[in-house]
Q: 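Just dropping this structure here.
On a predicted model such as this, the values are computed, not experimentally measured, just so you know. Chain naming here is simple, since letters A, B, ... match the order of the sequence lines and numbering starts at 1 in each.
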Amino acid sequence: MDSKFNLLYKNSNNIPKFQIKRKPSPVVFNNGGPTARKKIALNLNVQTNNFKNKNKVSIQEQRRKLPIFEKRNKLLELIRRHNTLIILGETGSGKTTQIPQYINSARLQNNGKIGITQPRRVAAISVAMRVAQEVGDAVGVGETVGYTVRFEDVTSPRTKIKYLTDGMLLREAMVDNLLMEYTFIILDEAHERTIHTDVLFGIVKQAQKAREEKKLRPLKILIMSATMDVDHFSDYFNNCRAVYLEGRTYPVNVYYTLTTHEDYQTACVATFFKIHQQAPWDHDVLIFLTGQEEIEAVAQQIRILSRDPDVAGPSVKVCPLYASQPTTQQITVFQPAPENTRKVIIATNVAETSITISGIRYVIDSGMVKARTYHPATGLDMLKVQRISQEQSWQRTGRAGREAEGYCYRIYTRSQYEHMQKSTIPEIQRANLSIVVIQLLALGIHAASFDFMDKPPKDSILAAFEQLKLLGAVETVDSRTLTTLGKKMVQFPLDPRFSKILLSAQEYGCLEEILTIVSLLSGESIFLNPSSKREQAMTSRQKFLSPYGDHITLLNAFRVYNNLGSNSQRSWCHEHYLNMRNMSYAAQVRTQLLEVCQRLKLPIVSCGNDTEPVRKCLLAGLFMNVAELHKEKQYITLDKRQVVNIHPSSVIHGQQPQFVLFTEVVQTSKCYLRGLTTIESQWLYDIVPDYARSHIRFNKDI
DNA sequence: GAGCACTGC
C-alpha cells in the first residue's frame, strides 16, 4: 500500500512547481491503539442543517431527546441556588438553545430579560430563530425570543430571551454599566475568549456586585463553555460551582506521525491519498491548513493526483474553504458529493468554529495556523504561521466525530503535541488595545486596574494610552476619564484613530468623503483580484486610480457605485471586478456612521473633487502612521523608525513620494505598508506641530 | 513586485 502510494507521485508531472517542494515520502502514523482513542468534548456550534425536522418528529419531541432534558430540574435548582454558575457542555448538549427556555418557563428571571451572548452574528441570529420556533410563538422571532446584532435589532418590549453578539452587549454596557435590562446574562462560548467576552467577564462581575451593594434587582451570571479551563474560569468567578453536561459526540481515533514533517502540506496530501484508498467513498475528509494560497495549492495538487489513472479509489470533489471566499463558492462545501465521489474540504480555521459541515469522518490536522499578533513596542501587526494549541487540536479532532465514530490524523508527533501550548493565547493578550482602553474609560475604568481574567501586557495598555493621548482622547496616561473629544470618539464603532478622522472632518469640510473612506476601511477589500484575470481586473478599474493613493481610489470607486440604481450595482461591480458583498457592507457601515455624526450634530459637507482636505483630514487621525522615503524604494516610519516597503497591491507602488500616510503595516516576508495616501510634510507641522517637530527632525538626524 | 487567519461594533 505504501509503495503503491509512492508510485503515484512519479507519474504526476503536471503539478505546478511551487506546490511540491520535495518528493514526498509516505507519512507513517502510530497505530492508534486504545490510548489514542479518546472521547472528546466540544462546544456547541450552530448547525442550521441539524435544525431541519428530518424524521417529522415534533419540535417538542426533539427537545425531550436532548441529553440536557433529563437534567432540567437539577439544573434549574442549581441556577436558583447560585448567582454565578459555570456550565460546561459538550457539543450537541443543547445548552445554548435549552437553558434560556428552561429559565424562562420556570419564571426564574422574575419578569426580567435573559441575555445570551454569541461571538458571531450568524450564531446569534440562527439560534434565536430556532428557539423562537421551539417556544412556539406564532409570530416567530422578535417576540418572546429575539436577537440584536449590528445593523439589526429583532426584539420587542415583550422579548424575554435575547440572543446578541458579545460586542453588542458591550455596547449596551457602555450605556448602562449595571445592565439593568437583564436579570440573567449568559456568556456562551466563553472558551473562545474573544476580546469582547474577556471584557464582558469583568463588566458582568462588576455589575453583579454593584447591583447587590445597591440592593437592586440581582444579576445572575451563567458562563457556558466547552470543557476546558474550568479551574481558570472558576477561580476568576470567586470559586463558583461548575456543572458538566454530556453531549452527543462519537469517539475519534487519533493518530500521530512517527517522525516530524516540516513540509506539512505535502504530508497532508500524502495522508489524504492514504485515506482515500481505504475509506468508503461517502466518508468525507477535512484538512486543516493555514491560508488561502496554501489551500488553493493543495487543492490543485489533490485534483491533479486524483485524476491519475494509477490512483485507486473513487472520484474526488475538492472544496477549498476560507472566510474571504465569495459566498457562492462557500455554498458548494455544504452540497453532498455525487454518488461514488469523495468530498475533501481544505479549510482554514473557519471550519474549526464558524462553519460546521456534516458528513466529515476524517480530519487531517496540519497542526499549523496563521495568526495575527500585535507588538506594542513597534506598533506592528504580524501575520505568522505558527503551531496550534492543544485545545485547538482537540477542537479540530472533534470535527470528525459529529455523526459517527471518526478518525483524526495529526501531522505531528505525540512529542510535538506535548510541547504545544495548552491553550491559545487569549485575543486580549495579543491585540492592539486602543479600543478596549477607550471603551473602559467610557465606563470610568482605567484598563490597568480592570479585573481581567488574564491581564493583557502592560506595554500594550501603555501603548494604547499613549496613542489616545496623542489623539486628544485623554489628558494623561493615568486618566480615568475621557476628554470631550474622547467622549465623542467612543460613540463610533471604530478604532479611535478613525473616530478622530471623522471628528476632524468638520474642520476640513469633507465629512461626506471621509465617511465613505472610513466605511470602506471598516470592511474587507472591495477589489477582486482573481489570479487568472488579474490584467482585466486592473484595466477595468483604471478609471478609479488616483495619483494621491489608495484612499482616494477607494473613494472614486464608491462614488460611482453609490450613484447607480440598486438594480445596476451588481452588474457594474461584476464588470469592474469589485466585490459586491463588501461594497454593500461598506454602504451599511456608512449609514450607521452617518447616524452617529448626525447625533453629534456634525455638518455633513463635501469638498467636491479637491483631494487635499481629505488627505489632510486622514492625517489628523493617522499622523503616527507616516513614513518617509529613506533610500531607493525603502521607507522609514516617523513614529518607531521601522524600515518598511510599499505593498505591491497599492496604487502608489512604483512611485516614490517623499511622504506617505498608511492605514496598516503587516509583516509577512517583509514589512509592508498597506492603504497609502501621499502627503506633504508641511501638513504634519500644521496639524500636529509638536509631533512633527520631534519626529521629523529626529529622523533627519540619522 | 506580494499574496492576509478569524471575528465584531
Side-chain angles (χ1 to χ4, degrees), chain A residues 18 117-124 148-153 164-175 189 192-200 288-297 321-325 347-355 366 368-373 381-386 388 392 395 424 426-428 430-431 435-436 438-439 442 490-496 498-499 518-519 522-525 527 529-531 534 538 585 588-589 592-593 595-596 633 645-655 664-675:
Chain A
F18 68 99
T117 65
Q118 295 293 320
R120 281 167 291 278
R121 286 170 57 93
V122 271
T148 307
V149 295
R150 189 180 191 179
F151 309 132
E152 253 189 296
D153 180 11
L164 69 175
T165 45
D166 47 14
M168 204 66 216
L169 186 63
L170 201 52
R171 279 273 149 198
E172 291 187 2
M174 286 168 61
V175 179
E189 312 289 12
E192 286 194 29
R193 304 291 306 273
T194 69
I195 209 161
H196 294 142
T197 305
D198 264 29
V199 175
L200 282 171
F288 281 104
L289 284 167
T290 67
Q292 173 174 347
E293 197 184 6
E294 181 179 270
I295 285 169
E296 294 293 355
L321 178 67
Y322 42 88
S324 58
Q325 232 171 6
T348 60
N349 33 345
V350 265
E352 240 172 61
T353 47
S354 311
I355 294 176
S366 65
M368 307 303 282
V369 68
K370 196 175 288 184
R372 193 172 193 131
T373 327
D381 263 334
M382 236 174 76
L383 217 44
K384 221 175 86 185
V385 172
Q386 58 191 51
I388 58 171
Q392 231 174 333
Q395 183 77 27
T424 312
E427 199 186 352
I428 196 130
R430 50 185 170 88
I435 303 177
V436 171
I438 200 172
Q439 283 177 341
V490 84
Q491 303 294 308
F492 293 98
L494 294 170
D495 181 296
F498 294 118
S499 310
V518 170
S519 303
S522 275
E524 286 168 64
S525 169
F527 300 123
N529 288 310
S531 46
R534 223 180 58 199
M538 297 301 243
Y585 177 83
Q588 264 188 301
V589 175
Q592 192 188 28
L593 297 180
E595 281 165 16
V596 181
K633 289 179 188 170
N645 304 273
I646 294 181
H647 196 279
S649 67
S650 171
V651 302
I652 298 288
H653 187 255
Q655 305 169 37
E664 65 169 350
V665 179
V666 174
Q667 185 171 349
T668 49
S669 57
K670 280 182 186 170
C671 260
Y672 286 106
L673 303 179
R674 300 180 70 251

Q: Is the phosphate of B:dG1 approached by A:K633 (side-chain N or O, under 4.0 Å from OP1 or OP2)?
A: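 So the side chain of A:K633 is within the cut-off, an N or O lying under 4.0 Å from OP1 or OP2 of B:dG1.
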
Q: In whole angstrom, what separates A:Y322's OH from B:dT7's P?
A: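 To the nearest whole Å, that distance equals 14 Å.
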
Q: Apply side chain to side chain donor-acceptor pair (under 3.5 Å) to A:T165 and list each qualifying residue two or more places apart in sequence or on a separate chain.
A: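 Testing A:T165 for side chain to side chain donor-acceptor pair (under 3.5 Å), a comparison that skips the adjacent residues, returns none.
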
Q: In whole angstrom, what separates A:E294's CD from B:dA2's C1'?
A: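 Checked: the CD to C1' distance equals 17 Å.
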
Q: If you check the A:R372 side chain, which of B:dC6, B:dC9, B:dT7 turns out closest?
A: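 Of all the options, the side chain of A:R372 is nearest to B:dC6.
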
Q: For the pair made of CD in A:Q118 and P in B:dC9, what is the distance, rounded to whole Å?
A: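 Rounded to whole Å, this separation is 12 Å.
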
Q: In whole angstrom, give the distance that lies between atom CD1 of A:I388 and atom P of B:dC6.
A: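 The distance from CD1 of A:I388 to P of B:dC6 comes to 16 Å, rounded to the nearest Å.
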
Q: Would you say A:T165 reaches B:dC9's phosphate, i.e. side-chain N/O to OP1/OP2 under 4.0 Å?
A: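 For A:T165, the contact criterion (side-chain N or O under 4.0 Å from OP1 or OP2 of B:dC9) is met.
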
Q: Report the residues that fulfil side chain to side chain donor-acceptor pair (under 3.5 Å) with A:D495, sequence neighbours left out, ordered by chain and then residue number.
A: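 If we apply the side chain to side chain donor-acceptor pair (under 3.5 Å) test to A:D495, skipping adjacent residues, the hits are A:R497.
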
Q: Between P on B:dC6 and CD on A:Q386, what's the gap in Å once rounded to a whole number?
A: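 Distance check: A:Q386 CD to B:dC6 P gives 15 Å.
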
Q: Students often get this wrong, so: under 4.0 angstrom with heavy atoms, is A:V149 touching a base, only sugar-phosphate, or nothing?
A: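 It contacts sugar-phosphate atoms only.
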
Q: What's the CZ-C1' distance between A:R120 and B:dC9, to the nearest Å?
A: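 A:R120 atom CZ is separated from B:dC9 atom C1' by 16 Å.
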
Q: Considering heavy-atom distances to DNA chain B, does A:T290 or A:L494 have its closest nucleotide positioned more toward the 5' end?
A: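 It is A:T290, whose closest nucleotide lies nearer the 5' terminus.
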
Q: Can you figure out which of B:dA5, B:dA2, B:dC9 approaches the side chain of A:H647 most closely?
A: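 Nearest to the side-chain atoms of A:H647, counting from C-beta on, is B:dA2.
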
Q: Are the side chain of A:S366 and the backbone of A:F288 linked by a donor-acceptor contact shorter than 3.5 Å?
A: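 Indeed, once roles are kept as given, a pair shorter than 3.5 Å links the two residues.
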
Q: Please figure out whether A:A323 or A:M168 has its closest DNA chain B nucleotide nearer the 5' end.
A: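 On the 5' side of the pair lies A:A323.
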
Q: Among B:dA5, B:dA2, B:dT7, which nucleotide has an atom closest to any side-chain atom of A:P648?
A: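 Among the listed nucleotides, the one closest to the side chain of A:P648 is B:dA2.
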
Q: Quick one: closest heavy-atom pair of A:A123 and A:Q118, and the distance?
A: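 That closest heavy-atom pairing would be CB-OE1, 3.8 Å.
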
Q: Is A:A371 touching bases, backbone alone, or none of the nucleic acid, heavy atoms closer than 4.0 Å?
A: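 Result for A:A371 = nothing.
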
Q: With a non-hydrogen cut-off below 4.0 angstrom, is A:Q592 in contact with a base, only sugar-phosphate, or nothing?
A: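 The answer is nothing, as A:Q592 stays clear of every strand by at least 4.0 Å.
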
Q: The side chain of A:H653 is closest to which nucleotide in this list: B:dA5, B:dT7, B:dG1?
A: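 Minimum distance to the A:H653 side chain belongs to B:dG1.
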
Q: Just the rounded figure in Å: distance from P of B:dA5 to CD of A:Q395.
A: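 Those two atoms, CD and P, are 20 Å apart.
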
Q: Classify A:V369 by what it touches in the nucleic acid, base, sugar-phosphate, or nothing, heavy-atom distance under 4.0 Å.
A: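 Touches nothing.
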
Q: I'd like to know if A:E192 and A:R120 make a salt bridge, using a cut-off of under 4.0 Å between side-chain N and carboxylate O.
A: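 Counted as a salt bridge, because a side-chain N and a carboxylate O are separated by less than 4.0 Å.
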
Q: Select one nucleotide: of B:dT7, B:dC9, B:dA5, the one nearest the side-chain heavy atoms of A:Q292.
A: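 Of the candidates, B:dA5 comes closest.
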
Q: At 4.0 Å (heavy atoms only), tell me whether A:Y672 reaches a base, stays on the sugar-phosphate, or touches nothing.
A: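 Counting heavy atoms under 4.0 Å across all strands, the contact made by A:Y672 is with sugar-phosphate only.
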
